[in-house]
Structure formats: C-alpha cells, structure tokens
Amino acid sequence: MPWSSPFLLQLYKLLVVESKDGTISVASAFAGHQEAVQDRDHKFLSKAVEEAYRGVDCGDGGPFGAVVVHNDEVVVSCHNMVLKHTDPTAHAEVTAIREACKKLGKIELSDCEIYASCEPCPMCFGAVHLSRIKRLVYGAKAEAAIAIGFDDFIADALRGTGFYQKANMEIKKADGNGALIAEQVFEKTKEKFQMY
C-alpha cells in the first residue's frame with residue numbers, strides 16, 4: 001500500500017497531533033492502549049499492596065510489598081522481611097529482586113518490571129538499577145511512609161534531591177596503602193571475573 005493512499009493519510013492525520021505552539025506529537029495507534037496499561041499496572045500494583053499487608057499481618061516487617069513481572073506473569077511476590085530476618089537490607093524490593101534472580105537463574109532482569117507498593121528508598125532504587133529492570137511502577141509516595149516514622153531520606157534516589165537526607169555518619173575514602181590494596185583487587189581479578 002503506497003504512503004499516498006487515502007487510508008494511510010487518514011491514519012497519519014489521526015496519529016500526528018500539532019499543538020498550538022507548533023510542536024508535533026504522535027498519539028497512540030490504539031485508542032485503548034493507555035487504559036490497558038493502566039489496568040495492567042493496577043493489577044500488579046494491587047498484588048504488591050497485598051504483599052505489604054501480608055508482611056505486616058505476619059510480623060515479618062514494615063508495610064512494603066513488591067512484585068517482579070516477566071511477560072505479564074508474576075515471577076515473585078514479596079514483602080518486607082527486615083524483622084523476620086533481622087536484616088535492615090531485607091526490604092520488599094531487594095527481597096523480590098533476590099528471589100527473582102534465583103528463580104530465573106540470572107543476575108540481570110532487563111526483561112522484567114517491578115511493582116512496589118511505595119516509592120523505593122535509595123537502597124532499593126539502587127538494587128532496581130543494578131538489576132537492570134526495565135520498568136518501575138510504585139504506588140504510595142515516600143511521604144506516606146515518612147508520616148508513620150520511616151526514614152525521611154527514602155525519596156532521595158528517585159527525586160534526585162537531598163532535601164530529606166539526614167545521614168549521621170562520617171564517610172571517608174581510604175588513602176595510602178589501604179586504598180592501594182583495595183584498588184589492586186580489581187586489577188588482579190580482571191582475568192578471572194567478567195560481569196557480562
């Protein structure tokens with residue numbers, strides 16, 4: 001079908017929208033696409049919220065849940081396990097990423113999405129980033145967790161701000177021999193270890 005056909009010209013007119021300021025945008029080819037994405041997101045986010053309730057009900061940890069999805073199927077559904085494991089890193093997102101990697105047998109999840117009941121803290125956002133998950137959808141804003149006593153730096157990673165940050169620790173990069181031997185480990189193991 002040539003590009004000049006009446007059908008394609010009409011389709012082009014439906015898809016390309018010119019705004020008053022002269023910019024051009026392309027509309028979705030499928031009228032219900034946005035609604036379908038919202039329904040899908042709602043379905044998986046609801047599962048993450050259910051996990052948050054489950055974790056609190058059984059005493060495992062705080063009200064946070066996360067679901068990892070691959071090809072529209074739930075790979076794992078996890079909740080915060082900080083109290084159960086006496087582990088401050090056992091947040092819902094980190095736990096879900098660990099379990100998904102084990103289940104799928106790989107350390108990168110670039111073909112997966114994660115649904116979190118709440119805006120991820122910097123640690124969880126770092127785990128999402130390092131696992132190469134392609135899409136993150138979260139429900140509650142960090143302020144909902146902050147309002148009931150969770151650390152007020154929770155939103156810094158996603159928002160790129162230090163407004164909520166209150167780290168009370170000294171941070172120092174080692175120098176001298178300590179720094180040298182720590183840097184040498186990378187040079188000495190590069191032949192034996194490749195990430196990807």
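FYI, side chains are in, hydrogens and waters are out, and symmetry mates aren't considered; it's all heavy atoms of this structure.
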Please list all pairs passing the ring pair (Phe, Tyr, Trp, His ring centres under 6.0 Å) test where one or both residues lie in residues 67-88, with sequence neighbours left out.
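Counting only pairs at least two positions apart or across chains, no ring pair (Phe, Tyr, Trp, His ring centres under 6.0 Å) contact touches residues 67-88.
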
Heavy-atom pair of closest approach, residues [X] and [Y]:
X	Y	answer
Cys118	Ala142	SG-CA, 4.3 Å
Ala48	Ala116	CB-C, 4.2 Å
Leu104	Cys112	CD1-SG, 3.9 Å
Cys124	Val94	SG-CG2, 4.0 Å
Phe125	Pro120	N-CB, 3.9 Å
Pro88	Met123	O-CE, 4.0 Å

My understanding is that only residues two or more places apart in sequence, or in another chain, count here; which of them pass salt bridge (Lys or Arg N to Asp or Glu O under 4.0 Å) with [X]?
X	value
Lys84	none
Arg54	Glu51
Lys47	none
Asp57	none

Are the side chains of [Y] and [X] in contact, using a 4.5 Å heavy-atom criterion?
X	Y	result
Glu113	Val137	no
Arg135	Tyr115	yes
Pro63	Ile148	yes

If you measure from [atom1] on [X] to [atom2] on [Y], what distance do you get to the nearest 0.5 Å?
X	Y	atom1	atom2	value
Asp111	Asn71	CG	CG	7.0 Å
Arg98	Ser131	CZ	OG	12.0 Å
Leu45	Ser117	CG	OG	7.5 Å
Ile97	Ile114	CD1	CD1	4.5 Å
Leu136	Glu119	CG	CD	9.0 Å
Asn80	Asp60	CG	CG	8.5 Å

Which residues pass the side chain to side chain donor-acceptor pair (under 3.5 Å) test with [X], not counting sequence neighbours?
X	result
Gln184	none
Asp87	Thr89
Lys190	Glu187
Ser110	Glu108

I'd like to check the side chain to side chain contact (heavy atoms under 4.5 Å, CB included) partners of [X]; sequence neighbours left out, ordered by chain and number.
X	answer
Asp72	Arg40, Phe44
Val76	Val68, Cys78, Ala96, Glu99, Ala100, Lys103
Glu73	none

Spell out, yes or no, whether Val67 and Ile133 are grouped together once hydrophobic residues are joined by side-chain heavy atoms under 4.5 Å, including indirect joins.
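No, because Val67 and Ile133 fall into different hydrophobic clusters, even though each may have its own neighbours under 4.5 Å.
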
